[in-house]
Peer 1: 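First the structure, then my questions, so here it is.
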2 protein chains.
Amino acid sequence: MTQPTREKILDVVFKLVYINGYNGTSMAMILKECGIPKGSLYHYFKSKKEMVLAVVSERINPRMDEFYQLNVEESQEGIDTLLAAILKVSKKELLVSYGCPLNRLNQEMSPVDSDFEKAINSIYNRLRDKITLLLENSQLKLDVDKESLSEFIIASVWGSISLSPTQSTTGRYIQTISHLINYLKSLKV
Amino acid sequence: MTQPTREKILDVVFKLVYINGYNGTSMAMILKECGIPKGSLYHYFKSKKEMVLAVVSERINPRMDEFYQLNVEESQEGIDTLLAAILKVSKKELLVSYGCPLNRLNQEMSPVDSDFEKAINSIYNRLRDKITLLLENSQLKLDVDKESLSEFIIASVWGSISLSPTQSTTGRYIQTISHLINYLKSLKV
DNA sequence: TCAAAGTTAGACCAATCAGTCTATTTAGAG
DNA sequence: CTCTAAATAGACTGATTGGTCTAACTTTGA
């Protein structure tokens with residue numbers, strides 16, 4: 001069973017836009033990579049923008065949890081789930097090399113298009129809230145503000161994997177992010 | 001005395017590329033914003049790429065120190081200079097709203113063009129080394145690795161100001177980055 | 001079996017892209 | 001003033017952009 005056309009398009013567009021950016025990816029590149037004619041593509045999506053917004057909601061959004069391995073395990077405290085997730089990022093080669101796809105698209109599109117801004121922000125907020133929940137489900141020092149800590153965690157992980165796309169390696173990421181790990185551990189009671 | 005044409009071009013290109021990105025900024029936009037004819041622009045720069053690379057070395061590079069207010073003051077310890085600099089970032093509105101110009105260009109261009117990658121990396125390395133130097137000139141706990149700590153500092157600052165271009169505010173940045181401040185303070189002897 | 005709907009196919013379009021070219025104006029040196 | 005080089009001016013080009021349109025093929029349900 002071959003993959004339905006629409007799904008294949010979303011996969012290809014996700015990959016190309018992730019690496020080349022929105023403006024760096026042309027419809028011609030997408031058609032070539034998909035191996036489909038133009039008519040098919042515009043049958044499923046009425047414009048480039050609508051197509052990439054579909055990638056945001058149907059590819060990036062549902063995979064954020066998977067990317068960051070934030071599946072809550074009942075057996076451990078929230079903060080330990082989080083610590084494990086931060087380390088597991090190093091296992092995702094694409095993520096370490098190219099940075100977070102949501103963050104990349106955010107930087108390129110949010111300043112110039114409010115539809116992208118809204119779509120991206122809602123995913124970001126969902127991720128932040130999920131992390132906040134994990135933190136609230138942990139024994140931390142009382143004066144720790146969970147929401148800003150969530151933001152700090154996301155910021156430093158995204159920052160670490162975006163420092164240098166080509167120089168980035170698993171080892172380097174682990175070294176850099178070890179400081180976040182240290183800090184988080186120091187917040188435990 | 002009006003600003004020389006070449007300098008004006010660099011200023012305009014810096015601003016437009018900072019906000020719209022490389023591929024999001026057309027030569028036509030640049031000409032219009034500068035109010036000059038095409039002949040002038042191509043008299044000073046032989047291509048768009050060379051022009052933006054000139055912006056990297058003649059605008060972004062010399063202003064990195066200024067951006068991050070990393071001017072060493074003899075009177076205080078390195079880490080205190082650093083702590084002050086991290087807070088002073090909040091005073092730079094553009095920086096807090098749109099993120100670091102070097103980081104933005106890095107994410108867009110480094111994966112697809114090695115000339116940009118090299119130019120950006122060398123600036124990044126210079127910044128990291130400067131911060132490392134400040135750290136080495138500080139009384140920190142002995143087991144702290146200064147180089148990875150520099151990377152972590154840059155990563156979390158860049159990450160914090162890139163989280164949400166339009167939602168970003170001074171106050172939010174300070175809240176997020178307070179965790180970095182806490183961590184750094186905890187490393188002092 | 002046949003018509004309708006869904007899908008594929010790609011020629012075609014106006015607008016825009018980065019870049020070239022020649023002509024003209026301006027500025028400085030002698 | 002005169003000559004030369006620098007700078008300005010913008011028409012023009014071929015390639016590429018996102019997007020449209022009609023025709024044909026395939027699938028589906030009656």
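Residue numbering restarts at 1 for every chain, and letters A, B, ... go by the order of the sequence lines.
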Peer 1: Whether the side chain of Lys46(B) and the base of dG19(C) hold a donor-acceptor pair under 3.5 Å is what I'd like checked.
Peer 2: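 Not at all, since no donor on one side and acceptor on the other fall under 3.5 Å apart.
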
Peer 1: Check whether any side-chain heavy atom of Leu83(B) lies under 4.5 Å from a side-chain heavy atom of Leu87(B), and answer yes or no.
Peer 2: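 They are not in contact (no side-chain heavy atoms under 4.5 Å apart), so the answer is no.
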
Peer 1: Return the value, rounded to whole Å, for the distance between atom CD1 of Ile36(A) and atom C1' of dG10(C).
Peer 2: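 In whole Å, dG10(C) C1' lies 12 Å from Ile36(A) CD1.
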
Peer 1: Starting at the 5' end of DNA chain D, which residue's closest nucleotide do you reach first, Gly35(B) or Ser47(A)?
Peer 2: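 It is Gly35(B) whose nearest nucleotide is closer to the 5' end.
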
Peer 1: Side-chain N or O of Thr5(B) versus OP1/OP2 of dA7(D): is the shortest distance under 4.0 Å?
Peer 2: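 For dA7(D), neither OP1 nor OP2 has a side-chain N or O of Thr5(B) closer than 4.0 Å.
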
Peer 1: Short of 4.0 Å, heavy atom to strand atom, which residues of residues 17-28 of chain A count as contacting DNA chain D?
Peer 2: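 Per residue number, the list reads Thr25(A), Ser26(A), Met27(A), Ala28(A).
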
Peer 1: Can a side chain N or O of Tyr42(A) be found less than 4.0 Å away from OP1 or OP2 on dG18(D)?
Peer 2: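 The answer is no; no side-chain N or O of Tyr42(A) sits under 4.0 Å from OP1 or OP2.
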
Peer 1: When you compare the side chain of Asn103(B) with that of Ser162(A), does any pair of heavy atoms fall below 4.5 Å?
Peer 2: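 Heavy-atom side-chain distance check passes, below 4.5 Å.
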
Peer 1: Quick one about Glu151(A) and Tyr124(A) (side-chain donor to acceptor, distance below 3.5 Å, no hydrogens or angles considered), yes or no?
Peer 2: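 Per modelled atom types, Tyr124(A) and Glu151(A) side chains form a pair under 3.5 Å.
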
Peer 1: Check whether more than 12 heavy atoms from other residues, nucleotides or ligands sit under 6.0 Å from atom NZ of Lys146(A), and answer yes or no.
Peer 2: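 Yes.
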
Peer 1: Expressed as a whole number of angstroms, how long is the span from Phe45(A):CZ to dT7(C):C1'?
Peer 2: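 So the CZ-C1' distance, Phe45(A) to dT7(C), works out to 14 Å.
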
Peer 1: Expressed in angstrom and rounded to an integer, what is the separation of Leu41(B) atom CG from dC21(C) atom P?
Peer 2: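 Roughly 17 Å, once rounded to whole Å.
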
Peer 1: For the base of dG19(D), is there a side-chain donor-acceptor partner from Lys38(A) under 3.5 Å away?
Peer 2: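 A donor-acceptor contact between them is present.
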
Peer 1: Quick one: does Met109(B)'s side chain get under 4.5 Å of Val52(B)'s, heavy atoms only?
Peer 2: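 Result no, sub-4.5 Å side-chain heavy-atom pair not found.
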
Peer 1: Between Ile154(B) and Leu127(B), is any pair of side-chain heavy atoms under 4.5 Å apart?
Peer 2: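 Result yes, sub-4.5 Å side-chain heavy-atom pair found.
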
Peer 1: Please state whether the phosphate of dT8(D), meaning OP1 or OP2, lies under 4.0 angstrom from any side-chain nitrogen or oxygen of Tyr44(B).
Peer 2: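 Checking dT8(D) against Tyr44(B), a side-chain N or O does come within under 4.0 Å of OP1 or OP2.
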
Peer 1: Taking CE from Met51(A) and P from dT17(D), how many angstroms apart are they, rounded to a whole number?
Peer 2: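 Taking atom P of dT17(D) as the reference, CE of Met51(A) is at 13 Å.
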
Peer 1: Any side-chain N or O of His43(B) under 4.0 Å from OP1/OP2 of dA7(D)?
Peer 2: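 Looking at the OP1 and OP2 atoms of dA7(D), one of them is under 4.0 Å from a side-chain N or O of His43(B).
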
Peer 1: Does any N or O in the side chain of Tyr44(A) come within less than 3.5 Å of the main-chain N or O of Met51(A), such that one atom is a donor and the other an acceptor?
Peer 2: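 No: the side chain of Tyr44(A) does not pair with the backbone of Met51(A).
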
